**Student:** 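Right, I'll just put the structure down here and ask away after.
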Amino acid sequence: MEQQQQQQPPPLEVRPHPSSSTNTTNTTTSTSTAANKGRGLYATAAFRPGAVIHVFAEPALLLPSLPHLALVCAHCLRPGTPRACTRCRAAYYCDAKCQADAWAAGHARECKALRRRQHQAQQPQQQQLQQQQQKQQPRRRSQSPVSSASASASASASPQSDAVPDQQTAPPPGSAAAKKATSAGEKVAGRSGAELPTPVRALVQALLREDLADALDTLEGHAQHRRELGGAAEWRDMEIMAMAGCAFAGKPVNEKEVRRAVDLLCKIQTNAFHRYDADLGQVGIFLEPTLAMANHSCVPNAMVQFIGRAAVLRAERNIEEGDEVEISYTDYTYPYTMRKEALAQYCFECRCPRCKDNLNVYQVCAANPVDAPCGTSLASDASAAAESHSAVTDEATLALAKSNGESATRLIEDWSKPDMAPNRRIQLRAQYSDCRGLVGGELWAVTPVPQVLTEISIFYAEKRNFAFALAVACLVATRADPYRYVAWFHLVRVKNLFMIAKLLAHTAERSASLSSVMSPPMRANMDQQAQVTLQDIDQAALCQMLLHMILRAAPAGVPAEWDLVEMARDMLEDIESLPGREKEMSLINAWIKDPASETSKIFFDFAVVQQVNALASLGTAALKMDFGIVF
Ligand SMILES: C[S@@+](CC[C@H](N)C(=O)[O-])C[C@H]1O[C@@H](n2cnc3c(N)ncnc32)[C@H](O)[C@@H]1O
């Protein structure tokens, strides 16, 4: 199926935004506005929410990020225990097939280039420092950073020697910018191929592979804008990386090459996707030239999901033929100013409805409903419920969502700094306390409340208090997720369903013994409530149905390769092999066969929606007792 889709041209057309006044291939000078978004992707067919628009199976660039080099396969980016390429030791693969495919796709040249640099990186540090000092002198007289690179290029033996700061652009010694610049130099100084920062590694590939450089040439990079407005230190970082890239790729480090390399870096920065893994975080970068034509909106009608090497473009809302297909470059549930900061790296200001009126998640949910087919959502009436939520109807709550959402998110980021965490429980209490205004206003879906609750659920699970972990996860899945991510198949929602299913597997197999840190009388009271709630629920049936919801949320045609689907299938096999569940199995099978029948709807509402909501209520009680805030 994947191959079939791959052979088909995408049902998409690349063309300039209707109100763009210039040919955007060359718009490198100014910040884009909504009226000048450059080119965009336009649908040549209609798509319903959840439909796969296209599978981009052959990325031009797919690269693990530096911290994940030894944790994911360099060819398919799947996590595991990959083995190193014995020649360069800078690429790891799951198996011989991935290695052979990667070799053919370009690693052959990269491997050679990286090995060529290996012995230089092993030079004694002292010797490198001496070289660096010798080369500093003449460069201080040069006018531009690029020409300074040119002056020293012929003498340059390693990327480190090219990383010497130019005085014209150097910030005052000891300033914050100077420290940053030094660290940028350190990023590449004396490193082996296996230690190259991800953008430099991407650049090396672009310099070695003409197909990739050609693809990048057609893309927007905002080089001039970045140079003029990005700040001298940032620009010098780019040049240092560009020089390192040239040196590693075996190119002359002269003005022309460095300028081209900086341009390529800008294009990579503007057009590459960051690939996230639920457990590992940002595992790598992905770039495909057609997909790179998709513009941004904070109320997007499409989303990208990564499966193995492929990027799957799916409709998030109804898309009609001729509509522009827009995706979100950042998490659209974050507060306005934080989205603005994140989007600044793409050199434009977003003017979507969410940004224009600084709407909260409930307002967006109420105004932009996405229908959920029967048996797919824990809150299929979320948009209707949002319409009457005080975050939509009451001015004071609206203002609270705006101001507290912003301030609490920034406070929580501060608490997440390593030196601010004396103890995990204290940290979580402080973070929950930062959310007290939002929780008091029943604003469960407003960032950072769901994020803090998810951390609390993980904390409970780590403490083996699976009942409370489950209850808090259900709170997120019912009171937050359907409002902040309106599409029932959104990855965050599906992952939270999986978290609930995994926790249910624990609570079902244990007697839900709870160990919280609250006072003994409270604990006794709470344990009892938890026990009663859990006893009332057929945990195996609930788990089984949640797993089937995950299977339904997978993109059609490519489910088998989706990690979540693989894990859900494994768990389902275990549950379905349990003896003595014939009655439950026949009900569940009827629901799977025809989820829209009246009996199935009643069954789903009772066995799933009501049970998860009962657990969510337990979650609010658990939070009050364990993380309660004295007002
Ligand atoms: C990945 S590219 C998308 C394709 C791009 N429009 C082009 O013509 O090459 C990202 C760039 O598109 C522009 N862009 C994307 N979304 C935009 C938006 N909502 N408003 C204004 N410009 C946008 C910005 O210039 C941004 O740096």
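A quick note: this is a predicted structure, and the numbers were derived from the prediction, not measured. Whatever order the structure lists ligands and atoms in, that order sets their numbers, starting from 1.
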**Student:** Nearest heavy-atom pair of Met303 and Phe489: which atoms, and what distance?
**Tutor:** CE-CE1, 3.4 Å
**Student:** Do you know which of Arg109, His107, Glu110 makes side chain to side chain donor-acceptor pair (under 3.5 Å) with Gln205?
**Tutor:** Glu110
**Student:** Quick one: does ligand 1 sit under 4.0 Å from the side chain of Tyr346, the backbone, both or neither, non-hydrogen atoms only?
**Tutor:** both
**Student:** Under 4.0 Å from ligand 1, counting heavy atoms only, is it the side chain of His222, its backbone, both or neither?
**Tutor:** side chain
**Student:** Run down the list Ala292, Cys266, Gly38, Pro289 and name the one with the heavy atom closest to atom 4 (C) of ligand 1.
**Tutor:** Ala292
**Student:** Please indicate whether any nitrogen or oxygen in Thr270 is less than 3.5 Å from any nitrogen or oxygen in ligand 1.
**Tutor:** no
**Student:** So, regarding Ser297 and ligand 1 (criterion: nitrogen or oxygen to nitrogen or oxygen, under 3.5 Å), is there a contact or not?
**Tutor:** no
**Student:** Please determine, by modelled atom types, if Ser328 and Arg339 share a side-chain donor-acceptor pair under 3.5 angstrom.
**Tutor:** no
**Student:** Would you call the rings of Tyr362 and Tyr483 parallel, tilted or perpendicular, taking 30° and 60° as the class edges?
**Tutor:** tilted
**Student:** Any nitrogen or oxygen of Asn36, side chain or backbone, less than 3.5 Å from one on ligand 1?
**Tutor:** no
**Student:** Which ligand 1 atoms, with their elements, are less than 4.0 angstrom from a heavy-atom of Asn271?
**Tutor:** 1 (C), 2 (S)
**Student:** Among the heavy atoms of Ala294, does any lie under 4.0 Å from an atom of ligand 1?
**Tutor:** yes
**Student:** Please list, chain by chain and in numerical order, all residues satisfying side chain to side chain donor-acceptor pair (under 3.5 Å) with Thr409, sequence neighbours excluded.
**Tutor:** none
**Student:** Between Tyr485 and Asp331, do the side chains contain a donor N or O and an acceptor N or O under 3.5 Å apart?
**Tutor:** yes
**Student:** Heavy-atom contacts with Asn295 under 4.0 Å: which atoms of ligand 1 show up? List them by number with element.
**Tutor:** 3 (C), 4 (C), 5 (C), 6 (N), 12 (O), 13 (C), 14 (N), 15 (C), 16 (N)
**Student:** List in chain and number order the residues that pass side chain to side chain donor-acceptor pair (under 3.5 Å) with Gln345, two or more places apart in sequence or in another chain; answer none if no residue qualifies.
**Tutor:** none
